[in-house]
S.K.: 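Mind having a look at this structure? Questions to follow.
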There are 2 protein chains.
Amino acid sequence: MTGKVPPKHRSGCPVSLALETIGDRWSLLIVRDMMVRGHRTFKQFQGSGEGIATNVLANRLRKLEGGGFIVGEADASDGRRVNYRLTEKGIDLAPVVLEILIWGARHEASGGAPCAAVDNMAKHREAMLAEVRRRWRERDATPLQAKSGEWSWP
Amino acid sequence: MTGKVPPKHRSGCPVSLALETIGDRWSLLIVRDMMVRGHRTFKQFQGSGEGIATNVLANRLRKLEGGGFIVGEADASDGRRVNYRLTEKGIDLAPVVLEILIWGARHEASGGAPCAAVDNMAKHREAMLAEVRRRWRERDATPLQAKSGEWSWP
DNA sequence: CCGGATCCGTTTCGATACTG
DNA sequence: CAGTATCGAAACGGATCCGG
């Protein structure tokens, strides 16, 4: 709290990239880990991002939750564990994440074709998106591996 | 100076979202303005973003240039004017920007269908991407309007 | 142990003023 | 017009501590 100043927001509808919410280095990384690696817990995010500080991670999770991208609910069998799930709004970020992955595989990996998984996702774009959507809708937050060998992920 | 600490960078190829470069609130906004509105100059960016500070804008332009997303070249007829152009690496961000636009039109505009332009782009996805690519390759950095009425932009 | 909260030094942001 | 200079405010990030 303590005086959260709202941003400028001058353009009404037309061209907002909505980067005020997800336009930072960590938020999309968290969403990516959820979608592609099936991560759900604080600990998992902590280990799979490129080393995010715990306070920053907590801050981002709360921000994503406040923005309606994810929801956090206590694990049924383990009270101390919190499971985060993607909402519809968060799931709809899948195409964005996928395109960034594709872009990164082409330009960031700085080479030929080091990442076969991304290549596979790009090939079966619609199928991959449908799979992500189905998984998170059904609360079956398992990683994206082993869909008849189409996608694999470290 | 004074100790520029390189980031962690532990994952080699597989899943880097490369958000270290474009993962902030302004960089993609600049790229979007170039792609969709045909902006090329400091002044244009200054007026079309949601009010970016001049020093931040200068910083982002240099960062994008250093990352190979854009190049800045002095205008032939006007020495003091600098024209920024998208490189291939920057042009390849078009799918990313488009997906974010689509996402934002659905979730951020918080309503039914306020933005027909984005809707049009989503419908003619490949054509729009091809058009962006062609324009910036040929140095004809005009806005995206008036492609037989398919896309229009404020 | 897990999911944070709190403190604290460093870095970056962002608004305004100013310069070539 | 296209940027710097400056400076307060915010965020980052590490380390450590806390509640369950």
Side-chain angles (χ1 to χ4, degrees), chain A residues 1-10 19-30 33-34 39-67 70-85 141, chain B residues 1-10 19-30 33-34 39-67 70-85 141:
Chain A
M1 294 13 159
T2 68
K4 181 65 173 163
V5 179
K8 295 296 171 56
H9 246 288
R10 206 196 35 190
L19 294 177
E20 300 131 27
T21 12
I22 57 170
D24 73 286
R25 220 159 60 251
W26 299 115
S27 300
L28 264 187
L29 235 19
I30 293 172
D33 281 338
M34 297 183 83
H39 286 183
R40 289 162 305 167
T41 69
F42 194 96
K43 179 80 173 304
Q44 288 177 312
F45 296 131
Q46 202 177 354
S48 62
E50 262 68 306
I52 185 173
T54 61
N55 55 353
V56 178
L57 175 55
N59 178 279
R60 287 312 123 96
L61 287 173
R62 204 163 305 112
K63 214 172 232 177
L64 286 171
E65 200 169 9
I70 64 178
V71 285
E73 43 198 25
D75 191 289
S77 63
D78 195 345
R80 65 192 177 181
R81 172 158 297 182
V82 178
N83 285 331
Y84 293 97
R85 282 197 311 120
Chain B
M1 288 35 135
T2 68
K4 180 63 176 169
V5 178
K8 294 298 170 56
H9 246 287
R10 204 197 37 189
L19 294 177
E20 301 131 27
T21 11
I22 57 170
D24 73 287
R25 225 163 52 254
W26 298 115
S27 299
L28 265 187
L29 236 18
I30 293 172
D33 280 338
M34 297 183 82
H39 287 183
R40 289 163 307 168
T41 68
F42 195 96
K43 178 78 173 303
Q44 288 177 312
F45 296 131
Q46 204 177 352
S48 62
E50 263 69 304
I52 184 173
T54 60
N55 56 352
V56 178
L57 175 55
N59 178 280
R60 288 314 124 93
L61 286 173
R62 201 163 302 113
K63 214 171 231 175
L64 287 171
E65 200 169 9
I70 64 177
V71 285
E73 42 198 25
D75 191 290
S77 62
D78 194 346
R80 65 190 177 183
R81 170 160 297 185
V82 178
N83 285 331
Y84 292 97
R85 281 197 311 119

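Numbers restart at 1 for each chain; the letters A, B, ... are given by sequence-line order, proteins then strands. Side chains included, hydrogens not; waters and symmetry mates left out as well; all remaining heavy atoms used.
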S.K.: In whole angstroms, how far is the P atom of C:dT6 from the CZ atom of A:R62?
M.R.: 9 Å
S.K.: Mind calculating the distance between CG (B:L61) and P (D:dC1) to the nearest angstrom?
M.R.: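 The answer, rounded to whole Å, is 16 Å.
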S.K.: Considering only D:dC1, C:dG4, D:dC12, which nucleotide approaches the side chain of A:R60 most closely?
M.R.: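 The closest nucleotide is D:dC12.
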S.K.: Is a donor-acceptor contact shorter than 3.5 angstrom present between the side chain of A:N55 and the base of D:dG13?
M.R.: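 Checked by distance alone, the answer is yes.
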S.K.: What is the nucleic acid contact for A:R80, judged by heavy atoms within less than 4.0 Å: base, sugar-phosphate only, or nothing?
M.R.: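 Contact class for A:R80: base.
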S.K.: Check whether any side-chain heavy atom of A:F42 lies under 4.5 Å from a side-chain heavy atom of A:T54, and answer yes or no.
M.R.: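 With C-beta onward as the side chain, the pair touches.
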S.K.: Choosing from D:dC12, D:dA2, C:dG14, which nucleotide comes nearest the side chain of A:R25?
M.R.: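 Looking only at side-chain atoms, A:R25 lies closest to D:dC12.
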S.K.: Where the side chain of B:V82 is defined as all heavy atoms beyond and including C-beta, which of D:dC12, D:dG3, C:dG4 is the nearest nucleotide?
M.R.: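 Closest of the options to the side chain of B:V82: D:dG3.
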S.K.: Could you state the atom-to-atom distance from NE2 of B:H39 to C1' of D:dA2 in whole Å?
M.R.: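 Interatomic distance, NE2 of B:H39 to C1' of D:dA2: 16 Å.
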S.K.: Expressed in angstrom and rounded to an integer, what is the separation of A:W26 atom CH2 from C:dT12 atom P?
M.R.: 14 Å
S.K.: Figure out the CD/C1' separation between B:Q44 and D:dG3, and round it to whole Å.
M.R.: 16 Å
S.K.: Below 4.0 angstrom, N of the basic side chain to O of the carboxylate: do B:D24 and B:K63 qualify?
M.R.: no
S.K.: Is the base of D:dA2 touched by the side chain of B:T54 through a donor-acceptor pair closer than 3.5 angstrom?
M.R.: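 No, the side chain and the base share no sub-3.5 Å donor-acceptor pair.
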S.K.: Do the side chains of A:M34 and A:F45 get nearer than 4.5 Å, heavy atoms only?
M.R.: yes
S.K.: Is the closest side-chain heavy-atom distance between A:D33 and A:Q44 below 4.5 Å?
M.R.: no
S.K.: Locate the shortest heavy-atom distance separating B:L64 from B:I30; write the atom from each residue and the value.
M.R.: CD1-CG2, 4.0 Å
S.K.: Between C:dA15, D:dT4, D:dC1, spot the one nearest the side chain of B:R81, thanks.
M.R.: D:dC1
S.K.: In whole angstrom, give the distance that lies between atom CG of B:L57 and atom P of C:dC13.
M.R.: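 Taking atom P of C:dC13 as the reference, CG of B:L57 is at 13 Å.
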S.K.: Quick one: B:E65 CD to D:dA2 P, roughly how many Å, whole number?
M.R.: 14 Å
S.K.: Between D:dG3 and B:Y84, is there an OP1 or OP2 to side-chain N/O distance shorter than 4.0 Å?
M.R.: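 So the side-chain polar atoms of B:Y84 do come within 4.0 Å of the phosphate oxygens OP1 or OP2 of D:dG3, strictly under.
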S.K.: Nearest whole Å is fine: how far is C:dG3 P from A:N83 CG?
M.R.: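 So the two atoms are 9 Å apart, to the nearest Å.
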